[in-house]
Amino acid sequence: MRGVLAGRWRRVASQVGRSVTVWVVSTLTMLVLAGILPDFRLQSPTGDSATRIAVTAAFGAGAFGVLSAVVWPLLVRLFLLVPTLVLGLLVFFLNGALLLLALRLNPAERGDAAPETAVVVAAVMSAVASATGGALAVRDDDAYRRRLYRLADRRRRRGPVGPATPGTVFLQLDGVGHDVLLAAVGRGLMPTIARWMGHSDAPGRGVRPTHRLTSWRTDWSSQTGASQLGILHGSNHDVPAFRWYEKDRGEVMVCNRPTSAVELQQRAVTQAGHGGLLAVDGASRGNLFSGGAEEQALVLSIATRRRSRENRSRAGYFAYFSDPANAVRTAMSFFAEVGREIGQSTRARVRKERPRVGRGGLYPLVRAFATVVERDVVVAAVMGDMLAGRTAVYADLVAYDEVAHHSGPTSRDAAKVLERLDRSLALIGNVAEHAPRPYRIVVLSDHGQSPGETFRTRYGLTLGDLVRAGCGLPVPRRAERTHSGAEARGAVRAALRRPGKESREQYRPARDSEPIVLASGNLGLISFPDVRHRMSKEEIDARHPALLTTLANHPGIGFLLVRSDEHGGVVLGPFGTEIPLDQLDDNPGPLADFGPGAAEAVRRTHSFPHTADIMVNSWYDPAEGEVLAFEEQIGSHGGLGGAQAEPFLLSPLALSAPPEGLAGAEQVHQVLRSWLDEAGGPQVPLKKAEEKAA
């Protein structure tokens, strides 16, 4: 008993010591800022002694600290309905208001600051206090661990005792291929993953693995929309690409467009017959789709819904921004990341690196959101879910995918992102030790990325230009850049609760005779909107005799898929190659270089109701693993060819091993569901799911 009391007194003394140190440092910071900034003063207009100024600074720093601890969480609760990104930008102004209030509380009335100056002072003080507290916590080996214990204890006191059955956390590292993960572990970039896999830096010193690594194969549409829909909802039927044209609706569907995401999720629920992987006691964080979860944050498919108690997503949102130091740190890291991207892109231009794509416009802001704001909020939400004892959590971290699109999947820029993602995994792993129930952490990816220059860069024209030439239509002299739609832009829309501009020309093109050409990585889709059905090869040849030959014989094209009146479906290649789909197993023809499973993936896509009139897969170099993206991306995914179709699944050894030859997102869904069953989690209730679908 005496030892327990002594331990408590040591912890209290340690906490008091850290608080006093932070207060002293904040006081000194305030004094320095008062000497630097002309509109910030800590003395009366007639002047004061050094002692009086120091006392004023100490009082102001103390009052600011108390207000930040007490008032700030209440302010965040009031702003829960504000979109995440907007709240992040409001942080500075709210912090400045708290500082002005702290100065007004001084009974001597000696402190004053202009509003804009108060914003700067508050931001600097919060950052310095956070850095000081963090440094002291590092020196105290158990400080962070004790904080987690306190959070867990508070939750346990407020709610029922957590169940004995383990919960499961699924963490999706968007775009990280099986090959990239292995290379990062080998280079020491991801020590947390390495430890889970049983790797050790010390020679001759073994580490017992806790996880197994498995690769799986995507569908032909190797992108987040198709993969995540299949993983979370058990069906990605009729999702032929990232974007495609639906003739019956006269509309272009785009996976990271909120209204399209809503429609796709509803179709998947109907097709699968249940609400999703997370339908019972689940949480969905940072995803395109909800998975049927009640708790959601930064989920695109609810971005267009009116906010209500059911979907306003408190976990993580409040847990993270309730600490003003966290909020300021994220905001400052956001702007630091913008500067980092501008510097890296400038260096690439100066060095004339190849391949290279444009990285201007809003891209630095989108990248900063993906690598800082989205990561911080999603990780905080997952931590909150674990401390709340939820049964199943699925979270998507899009940082690597966004950077790899523009810098390359094996670039130094992308490697730095992997290091930071590994630290997030370590943080979540630490939280698991203090959750009210045991947790099993599964790490997976939805696809990989294949390197290579763009089709436009190599040939000086876009796929749309080539199609127009094959149709005998005029081709513009200068090739226009193809719009690139990475997943992070969907995350931004979810944060802003904004569906984006939906012009008629972009999403509801006119039903004229000119073809619609859409790009999804190195997968192209060509549709003729004035013909209401999927055109056959014979119809296309009669209308545009040179089109299919022009496309199939171009060196940047790997193969085509078209419907045939005679054979049902055929794959076309150069030099007049034409192979019916039912003969691909014996004679893969142009699919031979694309590896096992390519024929089955093509046949499955051919069966979709909304497959385009002409499906185009780019050239692929199996020796270098390179493809040619039809979008402005030097790391791409969306079709067949290389690492983009080989994501990974890292699962605890306590769970059953996935089957060999795991292929397709729907099969991955079945594996994840079986793991929830093994952990004693709830079965997906079909009756409840059907009611939701209705």
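Source: prediction; values computed, not measured.
- Contact of the His233 side chain with the Ser290 side chain is registered, since non-hydrogen atoms from C-beta on lie closer than 4.5 Å.
- With Thr605 contributing its side chain and Val602 its backbone, the two residues share no donor-acceptor pair below 3.5 Å.
- Using a distance-only test at 3.5 Å, with no hydrogens or angles considered, no donor-acceptor pair links the side chain of His178 to the main chain of Leu213.
- Residues satisfying the salt bridge (charged side-chain N to carboxylate O under 4.0 Å, His left out) criterion with Glu600, sequence neighbours excluded, are Arg603.
- Gln449 contributes no side-chain N or O that, together with a main-chain N or O of Gly408, makes up a donor-acceptor pair within less than 3.5 Å.
- For the residue pair Asp174 / Thr224, a side-chain donor-acceptor distance below 3.5 Å is found, with atom types taken as modelled.
- At a threshold of 4.5 Å between non-hydrogen side-chain atoms, the residues Asp422 and Ile193 count as touching.
- In this structure, Tyr439 and Thr168 approach most closely via the heavy-atom pair CD2-N, 3.8 Å.
- With hydrogens and angles ignored, the 3.5 Å screen pairs no side-chain donor or acceptor of Ser222 with any backbone N or O of Ala645.
- To the nearest 0.5 Å, atoms CZ (Phe648) and OG1 (Thr214) are separated by 11.0 Å.
- For the residue pair Leu300 and Cys255, the shortest heavy atom distance occurs at CD2-O, 3.8 Å.
- Using a 4.5 Å cut-off on side-chain heavy atoms (C-beta onward), Thr391 and Val280 make no contact.
- Side-chain N or O atoms of Thr218 include none that pairs as donor or acceptor with a backbone N or O of Gln223 at under 3.5 Å.
- Distance check: Leu628 CG to Trp619 CH2 gives 5.5 Å after rounding to the nearest 0.5 Å.
- Using a 4.5 Å heavy-atom cutoff, the side chains of His637 and Ser450 are not in contact.
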query: How far apart are the C-alpha atoms of Leu662 and Arg217, what are their side-chain angles, what is the distance that settles it, and do they pass the side-chain contact (heavy atoms from CB on, under 4.5 Å) test?
result: CA-CA 6 Å; Leu662 191 60; Arg217 192 171 66 247; over 6 Å; no
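- Using a 4.0 Å cut-off between charged nitrogen and carboxylate oxygen, Arg375 and Glu337 do not count as a salt-bridge pair.
- With contacts defined as side-chain heavy-atom distances shorter than 4.5 Å, the pair His237/Pro609 qualifies.
- The shortest distance between side-chain heavy atoms of Ser260 and Arg243 does not fall below 4.5 Å.
- Residue Leu444 is tested with Leu650, Leu171, Ile231 for a side-chain contact (heavy atoms from CB on, under 4.5 Å); the sole match is Ile231.
- Distance CG/Leu181 to CG/Leu649: 11.0 Å, rounded to 0.5 Å.
- Every salt bridge (charged side-chain N to carboxylate O under 4.0 Å, His left out) that Glu419 has, sequence neighbours left out, goes to Lys416.
- Side-chain atoms of Asn236 do not come within 3.5 Å of backbone N or O of Gly230 as any donor-acceptor pair.
- Going from atom CZ of Arg390 over to atom CD of Glu295 covers 4.0 Å, rounded to the nearest 0.5 Å.
- The backbone N or O of Asn287 lies less than 3.5 Å from no partner atom in the side chain of Gln228, so there is not a single donor-acceptor pair.
- Closest approach of Leu421 to Ala399, counting heavy atoms only: CD2-CB, 4.3 Å.
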field: Chi angles and distances behind the salt bridge (Lys or Arg N to Asp or Glu O under 4.0 Å) call for Arg440, Glu678
entry: CA-CA 11 Å; Arg440 293 169 177 174; Glu678 290 175 19; 5.4 Å; no
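- Smallest separation of non-hydrogen atoms from Asp446 and Ser227: O-OG, 2.8 Å.
- Here the CZ-OG1 distance, from Arg195 to Thr210, works out to 8.0 Å after rounding to the nearest 0.5 Å.
- Distance alone, capped at 3.5 Å, places no donor-acceptor pair between the Trp216 side chain and the Gly664 backbone.
- Aromatic ring pairs are classed by plane angle as parallel below 30°, tilted from 30° to 60° and perpendicular above 60°; the pair His211 and Trp196 is parallel.
- There is no side-chain donor-acceptor pair under 3.5 Å between Ser636 and Glu631.
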field: side-chain contact (heavy atoms from CB on, under 4.5 Å) evaluation trace for Leu581 with Leu584
entry: CA-CA 5 Å; Leu581 294 183; Leu584 286 174; 3.7 Å; yes
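- Under the 3.5 Å distance criterion, the side-chain polar atoms of Asp219 are left unmatched by any main-chain donor or acceptor of Ala601.
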- request: Would you please test Leu277 and Phe170 for side-chain contact (heavy atoms from CB on, under 4.5 Å) and show each step?
  value: CA-CA 11 Å; Leu277 185 72; Phe170 303 103; 4.1 Å; yes
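- By the 30° and 60° cut-offs, the orientation of the rings of His274 relative to His669 is parallel.
- Note that CG of Asp593 is 8.0 Å distant from OH of Tyr620, once rounded to the nearest 0.5 Å.
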- prompt: Could you go step by step and tell me if Glu402 and Val417 meet the side-chain contact (heavy atoms from CB on, under 4.5 Å) rule?
  reply: CA-CA 10 Å; Glu402 180 62 30; Val417 174; over 6 Å; no
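- Just one residue in the list Ile441, Val377, Leu397, Val169 forms a side-chain contact (heavy atoms from CB on, under 4.5 Å) with Val382, and that residue is Val169.
- Of all the heavy atoms in Val627 and Gly641, the pair that sits closest is CG1-O, 3.6 Å.
- Between the side chains of Gln271 and Asp238, not a single donor N or O lies within less than 3.5 Å of an accepting N or O.
- Across Phe608, Phe594, Phe559, a single residue satisfies ring-ring contact (aromatic ring centres under 6.0 Å, His included) together with Trp220, and that is Phe559.
- Ile579 has its side chain out of reach of Leu591: every pair of non-hydrogen atoms, C-beta onward, lies at least 4.5 Å apart.
- Among all heavy-atom pairs drawn from Gln633 and Gly521, the shortest one is OE1-CA, 4.4 Å.
- Counting only distance, with no hydrogens or angles, the side chain of Asn617 and the backbone of Gly639 share no donor-acceptor pair below 3.5 Å.
- Between Phe242 and Ser221 there is no side-chain heavy-atom pair separated by less than 4.5 Å.
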